Amino acid sequence: MAGSGLWWERPDLCYRNGRLEFGGRDLTALATAGSPAYVYRAGRVRENLERLRGALDAAGVPHDVYYALKANRYAPLLDALRAHGGCGIDACSPAEVALALAHGFRESEISFTGHAVSDADLAILAAHPGVHVNCDAISTIRRLGRLCPGRTIGIRLNPGLGAGYNERLTYAGAKPTKFGVYSDRFEEAMAAASSAGMTVDTLHFHVGSGDQGEALEVLDQVLQGAAKILDSHPTIRRLNVGGGLGVRMTATDTPIDLARWARIVARHALPRRLRVAVEPGDYLVKDAGLLLAQVNTVEDKAGTRFVGVDAGLGI
């Protein structure tokens with residue numbers, strides 16, 4: 001007998017005959033072999049990737065997918081992604097660029113978007129001319145231009161709107177944030193690139209981490225706001241919509257409607273013949289791993305039940 005009607009159950013993660021299984025493996029047996037322990041399923045990562053790519057294909061959107069390495073740097077997971085193909089790497093530090101290269105990703109498969117990039121960081125990026133760099137600040141453009149005149153880059157726009165799991169994971173909005181170039185200085189950023197002979201081929205933005213169903217209206221507004229920039233600069237041939245696609249954390253969360261998400265992107269990108277880049281992190285790996293722990297204490301205190309486990313956590 002499979003399943004117990006819990007909201008998080010799915011074919012590869014469910015109770016069978018009273019025992020919890022993940023990818024056909026008995027989790028109790030795995031936990032007994034040694035806990036605490038992280039357990040990952042590469043097949044789930046592949047399924048998530050193909051579901052995302054399938055939505056963009058169905059909407060007719062030419063695209064590139066870059067896995068946001070900061071979401072999980074576990075080496076076997078990276079090896080599984082490399083072996084499967086279908087995505088590159090989104091890196092936010094030179095160390096992540098080096099890690100991606102060490103796991104077999106080519107420079108041309110790596111997109112770098114970092115904040116407060118140091119001169120030392122830029123020197124490393126200059127040594128990897130095949131890595132595509134999205135510049136987060138005008139000063140970054142100027143300093144990179146001195147090191148790599150003529151390089152093709154992207155510019156990260158701060159869209160002034162954001163969405164995410166919570167306020168701390170919303171990267172743009174009414175309150176000024178450190179991320180990206182605001183629209184009132186975008187022409188200054190373009191001029192800085194031009195003065196170094198650099199071509200800007202990508203407009204990048206990222207609204208936050210953990211976008212779910214309610215975030216789609218924000219995405220549509222952001223793309224409407226970016227239209228003037230895209231129409232004014234024909235050298236921009238790629239639209240990088242960032243990452244942030246979230247997964248359900250509670251029964252009341254509204255899951256992301258991938259088909260609708262892809263249609264919104266298509267409505268803005270296809271008339272302009274833009275290629276789209278997307279940088280999923282959580283969406284690919286967050287529900288592909290579990291922390292196994294054993295309960296060691298259950299006790300009621302002042303009307304509240306406390307459950308202690310061997311992972312240093314409790315509820």
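All figures in this text were calculated on a predicted structure; none of them were measured in a lab.
- A cation-pi geometry, defined here as NZ or CZ lying under 6.0 Å from the six-membered ring centre and within 45° of its normal, does not hold between Arg156 and Phe205.
- Nearest heavy atom pair, residue Ile256 against residue Tyr283, reads CG2-CE1, 4.0 Å.
- For the 3.5 Å distance criterion, the side chains of Asp64 and Asn240 fail to qualify, holding no donor opposite an acceptor.
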### Task
For the pair His268 and Asp220, evaluate side chain to side chain donor-acceptor pair (under 3.5 Å) and give the outcome as yes or no after the intermediate values.
CA-CA 9 Å; His268 295 276; Asp220 200 15; 2.8 Å; yes
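- In terms of the side-chain contact (heavy atoms from CB on, under 4.5 Å) criterion, residue partners of Arg19 (sequence neighbours excluded) are, by chain and number, Asp26, Thr28.
- Between Ala80 and Ala42, the shortest heavy-atom distance links the atoms CB-CB, 3.9 Å.
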### Message
If you apply the rule side chain to side chain donor-acceptor pair (under 3.5 Å), what do you find for Ser111 with Asn134, and how did you get there?
### Response
CA-CA 7 Å; Ser111 175; Asn134 296 305; 3.2 Å; yes
Extract all donor-acceptor atom pairs below 3.5 Å that involve side chains of residues 222-234 and protein atoms in other chains or at least two apart in sequence.
unit_1 : atom_1 : unit_2 : atom_2 : d
Asp231 : OD1    : Arg272 : NE     : 2.7
Asp231 : OD2    : Arg272 : NH2    : 3.3
Ser232 : OG     : Lys228 : O      : 2.7
His233 : NE2    : Glu187 : OE1    : 3.3
His233 : NE2    : Glu187 : OE2    : 2.8

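- The two residues Phe112 and Val97 make their nearest non-hydrogen contact at CD1-CG2, 4.0 Å.
- Considering CG of Leu78 and CD1 of Ile89, their distance stands at 5.5 Å, rounded to 0.5 Å.
- Note that CG of Leu13 and CD of Glu21 are 10.0 Å apart. Values are rounded to the nearest 0.5 Å.
- Taking CD1 of Ile155 as the reference point, atom OG1 of Thr113 lies at 12.0 Å (rounded to 0.5 Å).
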